[in-house]
There are 2 protein chains.
Amino acid sequence: VSEDDFLQSFLSALPPAPREVVVPPGDDCAAIRLDAEHLLLVGVDQVIADRHYAGSGPAATPARLAGRKLLARNLSDVAAMGGVPLYVLTACGLSARRDTAWLREFLQGVVDLANTYGVHLIGGDVAVAPHDDVASLTVVGRVRADRVCLRSGAEAGDVLLSTGTFGCSLSTGHHLTFEPRCREGAWLVDTGCAKAMIDVSDGLLLDAWRMCSASELNLRLDPAAVPRRTPDTTWEQAAADGEDYELLCAVGPGNVAELLHSWPFADVPLTQLGDFVAGVDLPVVMDRDGRDLRAQGSDGYDHFRK
Amino acid sequence: VSEDDFLQSFLSALPPAPREVVVPPGDDCAAIRLDAEHLLLVGVDQVIADRHYAGSGPAATPARLAGRKLLARNLSDVAAMGGVPLYVLTACGLSARRDTAWLREFLQGVVDLANTYGVHLIGGDVAVAPHDDVASLTVVGRVRADRVCLRSGAEAGDVLLSTGTFGCSLSTGHHLTFEPRCREGAWLVDTGCAKAMIDVSDGLLLDAWRMCSASELNLRLDPAAVPRRTPDTTWEQAAADGEDYELLCAVGPGNVAELLHSWPFADVPLTQLGDFVAGVDLPVVMDRDGRDLRAQGSDGYDHFRK
């Protein structure tokens, strides 16, 4: 069972959310009406040793980088809604084999990145777990109600843009050191041109497919256009490795040239990857010849699969 | 290292929270200024198999009750602030030995109780953990700014009241089936008489001591006055078992008789346990003869100690 299928089947059985929950579960964050102009964003994500980082051995991830990753993942979710992160809370289960110095380092990794992004740690819980090091983090943010960007906002004819590069996130250490695309996401929504966004955590094709699914469209994607993280990165790696934490953004075709021209972040490429098309057999991410790209290779990384 | 000491030393090194964070970390929930009249409450708590419930064996806790407990613990935190819980998000790490049916049952335990309390699940994350079943839950609630009840609000001369009974929570199953004291907490703050509150998760004496610590007071407590959960419950069990999830509430001495008289919940006792006193050697929970009650016996249950 994939995480998507599991959550989808569970969440669809819930009573409907009240009207002030503008974005119900299923997007990068939930959004709640805060006042006439703003939504409150709330999201949760977790890191587990030996699932999201190396827990032990000679290549063990330093505690501080593991903590950094926990927060960075969540900031990426807020960025994908076009929001500004404000507060975080974290719950940590420390394995019995660790000492508290490890947890202190882990939390310092959260706090150091929080300081960089102007985010405040406002709550937490710590407990000891029998075997595993686990930690979850909840992020609370804010977004203008007329700017919030869902996965579902793409329309046929829209162009898919991406930030950054793809593939080999684990082997290059990118998954531990990446900068969440908060400023890029905010810039894109501030132009008024961003119609849909998602962050790529589980692989370019899988997350692009999720955008297609939410928007009820197909996507024609040009594999040759996808920027790769290193010269050696293969198409398969760029397509499915995941943990890129880049943004995918749908914009109207008439806005593309101006956006590419005015993009102010010289250190982060903004790239045109493809375009959304209507279709019957939905959703499919296909190449220019209509071949299903996901059917041809790996399908991304699902942290819920064993 | 106790959880209190660890968090205290870590949190005290953080940059100061911005002014809109009315209640910084250290209370049952954090509180953020929402509008002129209301605060947003946010809290996080977790349950870990074989720490908070029996993970396996003939006495294994049913998944649904483990999930119920996860939410109930968090609702108790909101109750202790005098607030109304509204939304929850959960992050679950499912051990590799479990199947997804177990997780579905666990989440159903969350949702069933959420429905009872009018609370909505608005987000979640699921992943597989190598060994442990872990889950954290974030609760978002609301409270009137002029009613919010902190641990720190008690004054010398105030009387300590408690809801419910104490001790033997594990052996009686109370820790899995308790009703969080949301209606009782809301009633207490609505009277305008509640000056400080905390919920008893780690033991009556330890949580009373936390209230003393936050309020910079001592507490004279009458052990004979403490209502016990069963006829066989000893004083030591009532004092230190924990997981009672009852409320401790400080009120002015002039309000006690009226509160006890008008208390509308016939199924939940409201009991006068003692009174707060100023002192030099702070904070101490003592008996009527001034003996330190915590020094005489067990000190409560700390989920962070190994």
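Sequence lines set the chain letters: A, B, ... in the order given, protein chains first and strands last, and positions in each chain run from 1. All values below were derived from every heavy atom in this structure, side-chain atoms included, with hydrogens, water molecules and symmetry-related copies excluded.
- Within the 4.5 angstrom heavy-atom criterion, atoms from both the backbone and the side chain of A:L107 approach chain B.
- Counting heavy-atom pairs closer than 4.5 Å to chain B, the top-ranked of the candidates A:V23, A:V140, A:D27, A:T138 is A:T138.
- Contact annotation: the side chain of B:S95 never approaches that of A:D132 to less than 4.5 Å [non-hydrogen atoms, C-beta and beyond].
- When each of B:A30, B:S136, B:A91 is checked for heavy-atom pairs under 4.5 Å with chain A, B:A91 comes out on top.
- Note that CD1 of A:I122 is 9.5 Å distant from CD of B:E20, once rounded to the nearest 0.5 Å.
- Side-chain contact between A:V44 and B:T90: absent, with no pair of heavy atoms (C-beta onward) separated by less than 4.5 Å.
- A pairwise comparison of heavy atoms in B:Q46 and A:G93 identifies OE1-N, 3.8 Å as the closest pair.
- Side chains of B:F10 and A:L103 form no contact here, defined as non-hydrogen atoms less than 4.5 Å apart.
- Within the 4.5 angstrom heavy-atom criterion, only side-chain atoms of A:N115, from C-beta onward, approach chain B.
- Proximity to chain B (any heavy atom under 4.5 Å) is shown, for A:H131, by both the backbone and the side chain.
- Contact of the B:S9 side chain with the A:R104 side chain is registered, since non-hydrogen atoms from C-beta on lie closer than 4.5 Å.
- Heavy-atom distances place the side chain of B:V111, and not its backbone, under 4.5 Å from chain A.
- Residue A:V21 touches chain B through its side chain alone, counting heavy-atom pairs closer than 4.5 Å.
- For A:V126, the parts sitting under 4.5 Å from any heavy atom of chain B are the backbone and the side chain alike.
- Going from atom CD1 of A:I32 over to atom CG of B:L86 covers 8.0 Å, rounded to the nearest 0.5 Å.
- Within the 4.5 angstrom heavy-atom criterion, only backbone atoms of A:C92 (N, CA, C, O) approach chain B.
- Rounded to the nearest 0.5 Å, atoms OG1 (B:T100) and CZ (A:F6) are 6.0 Å apart.
- The distance from atom CG of A:D125 to atom CG of B:D77, rounded to the nearest 0.5 Å, is 8.5 Å.
- Counting all heavy atoms, side chain and backbone alike, A:A127 lies closest to B:H52 at CB-CE1, 4.1 Å.
- The two residues B:V128 and A:R51 come nearest to each other via the heavy atoms O-CG, 2.9 Å.
- Two residues are said to be in side-chain contact when any heavy atoms from C-beta on lie closer than 4.5 Å; A:P25 and B:L89 fail this criterion.
- Both the backbone and the side chain of A:P18 come within less than 4.5 Å of a heavy atom of chain B.
- For a residue to count as touching a neighbouring chain, one of its non-hydrogen atoms must lie under 4.5 Å from one of that chain's; by this rule A:A13 does not touch chain B.
- Considering every non-hydrogen atom in both B:A49 and A:P130, the closest pair reads O-CG, 3.6 Å.
- If you take CG on B:L11 and CG on A:L121, they are separated by 6.5 Å, rounding to the nearest 0.5 Å.
- Here the straight-line distance linking atom CG of B:L34 with atom CG of A:D35 works out to 8.5 Å at 0.5 Å rounding.
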